[in-house]
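Notes follow once the structure below has been shown.
Convention: sequence-line order gives letters A, B, ...; per-chain numbering from 1.
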Amino acid sequence: MSENGDWVRRVERRMQRFALTHGHAYKQSDRTIAAAFEIGCFLCLVQFYEDQGFVVAPENLNEEGEYRYLTSPNGNPENFSWIKLRHSSDEFELRQQVRIRSHHDGDITFTPDMVVLRGGSTVEPRNDAEYAGGKRRMFSVKSADVIAAHECKSLNPFPELLVSFLGMLVASHAWLDQPNDRSLISGRGIHLAPTLFVGGTARALHVRMVSALRRTFPLNIILGLHHGTWEFRDHDKLTLIETPIHNPVVPSPTVETRSSELRCRARKPS
Amino acid sequence: MHSILRILTEGLGPDMRDRVVKHADTLIAGLKFLKQREDHKLAEVVKSGWSMERLECICCLSAFLQTVLGPLAASGRFGSSSELVVRHGSSDRFDATTARTFHKAYEGFCQAAAELKVARNWLEASRAEDLIYRMRRSEPDDE
């Protein structure tokens, strides 16, 4: 056998030993592996708030005292756990998979993986004929109640992924006067600015792009979570924001108005 | 399927297995493209003893680390995981024990690779060009 062949056989034998030792750990379902990354980002965010001096209290736990993690936008958020965050006299909520209804237009709704909301934010249920045939309620919060929306991507970063986060930034945050509104950024800020958590590492060109995005917009892009090659504990390297002043914005047009308009148009002959 | 991937993906669900294979195939295709282009950096790496056959093995190891072990290890990297027990669906439970188990698997894999003289940061490269760059420099990509 050639030298190369010998080496490949060595690799095979070593990987067989690895699989024997650790297979019980990594032989998980596809769903578990997918959820693991998002849960890691969630725990990361909880740790951040603890480090910031918040009192962190999980709410609505199950009977065993476990945190019930919501991983799809279809569930009723009130049936799942969430985190109460208390800082001085202010309260906030950290939730997962809660749909946001944008202040730009009531028909712009989407579901970031995690969102920090003002305390006591209303999760509004609505029936919409164009959602699940009207048979299931659509739960959402107003973007006026959003402090920061965060997204998790268990991928290697690429430019289109990085820049697309700007869309979520603009649509989620009513406190943003314009995309590059950096008025809330402060070294003494208590919140993590809207953050894109990315699993893979980046090449130098993309690291430069990440730095440029962070210089321009009020956000973070954290890379390398798969490998632990980043310094989340070093808050000097993170963009922090102050709590935005609450300014309720009514999105227009409303879902009911738009649905009515579409039905009227559908009735008109072409 | 490469023999190394067959060993590592045994027991995984079909979708996850396909993702690992696809990831490895993408890296290997990148290497073949560099070879076709007569890339001088690749030629240097091959000349130093890392044949295309060996490089393809590294691609397989890298794909497995990034697709399977990385996300699992990410679930347990932080202090809070030792206090909060997270229930996902009816069967998945993430707590301090699972965090340690996933972390040990990740580190065990990197240790196994190191025994084969494959550096950890090579396995973290997201593209064939990055892999070759890191192998030439034996340090993180900084071009």
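Looking at E56(B), neither its backbone nor its side chain comes within 4.5 Å of chain A, counting heavy atoms on both sides. If you measure heavy-atom distances from F80(A) to chain B, you find no contacts under 4.5 Å at all. With a 4.5 angstrom heavy-atom cutoff, T67(B) touches chain A only via backbone atoms. For L61(B), the part sitting under 4.5 Å from any heavy atom of chain A is the side chain, from C-beta outward, and nothing else. Interface remark: R17(B) contributes no atoms to any contact with chain A (heavy atom separation under 4.5 Å). Looking at L20(A), there are no atoms closer than 4.5 Å to chain B (heavy atoms on both sides), in backbone or side chain.
Checked by atom type, the side-chain pair E124(B)/T201(A) shows no donor-acceptor distance below 3.5 Å. Inspection of the H227(A) and Y106(B) side chains reveals an N or O donor paired with an N or O acceptor under 3.5 Å.
Around the CD atom of E38(B), the shell of radius 6.0 Å holds no more than 12 heavy atoms that belong to other residues, nucleotides or ligands. Atom CZ of R54(B) is surrounded by more than 12 heavy atoms from other residues, nucleotides or ligands within 6.0 Å. Counting non-hydrogen atoms of other residues, nucleotides and ligands closer than 6.0 Å to CD of E10(B) gives a total of 12 or fewer.
Chain A forms the most heavy-atom pairs under 4.5 Å with one residue out of S91(B), A105(B), G11(B), G13(B), and that residue is A105(B). Interface remark: of the candidates Q66(B), R6(B), H88(B), H88(B) forms the most heavy-atom pairs closer than 4.5 Å to chain A. Your options are R120(B), Q111(B), K104(B), and the one with the most heavy-atom pairs under 4.5 Å with chain A is K104(B). Counting heavy-atom pairs closer than 4.5 Å to chain A, the top residue among D92(B), V68(B), T101(B) is D92(B).
No side-chain heavy atom of L43(A) sits less than 4.5 Å from a side-chain heavy atom of S75(B).
The two atoms that bring A73(B) and H226(A) nearest to each other are CB-O, 4.3 Å, heavy atoms only. Between P58(A) and L84(B), the closest heavy-atom pair is CG-CD1, 3.6 Å.
Taking T98(B) as the reference, D95(B) meet the side-chain hydrogen bond (donor to acceptor under 3.5 Å, both in side chains) condition, with sequence neighbours excluded.
The CG atom of L72(B) lies 13.0 Å from the NE2 atom of H22(A); values are rounded to the nearest 0.5 Å. Atoms CD and CG, from Q16(A) and L8(B) in turn, are 9.5 Å apart once rounded to the nearest 0.5 Å. Once rounded to the nearest 0.5 Å, the distance linking CD1 of I7(B) with CD of E12(A) reads 5.0 Å.
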Next item on the list: Begin from the C-alpha positions of R68(A) and V86(B) and carry the test side-chain contact (heavy atoms from CB on, under 4.5 Å) through to its verdict.
Entry: CA-CA 6 Å; R68(A) 284 192 67 196; V86(B) 178; over 6 Å; no
Next item on the list: Any chance you could lay out the side-chain contact (heavy atoms from CB on, under 4.5 Å) test for V85(B) and E64(A), step after step, and finish with the verdict?
Entry: CA-CA 10 Å; V85(B) 176; E64(A) 283 78 35; over 6 Å; no
Checklist line | Verdict with supporting geometry, W7(A) and S51(B), side-chain contact (heavy atoms from CB on, under 4.5 Å) | finding: CA-CA 11 Å; W7(A) 188 80; S51(B) 64; over 6 Å; no
Next item on the list: Could you check R203(A) against E129(B) for side-chain contact (heavy atoms from CB on, under 4.5 Å), going step by step and ending with a plain yes or no?
Entry: CA-CA 10 Å; R203(A) 52 206 325 234; E129(B) 293 92 328; 3.9 Å; yes
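Within residues 24-33 of chain A, the residues having any heavy atom less than 4.5 Å from a heavy atom of chain B are, in residue-number order, H24(A), A25(A), Y26(A), K27(A), Q28(A), D30(A), R31(A), T32(A), I33(A).
Ring orientation note: the planes of F64(B) and F18(A) are nearly perpendicular, at an angle over 60° on the 30°/60° scale.
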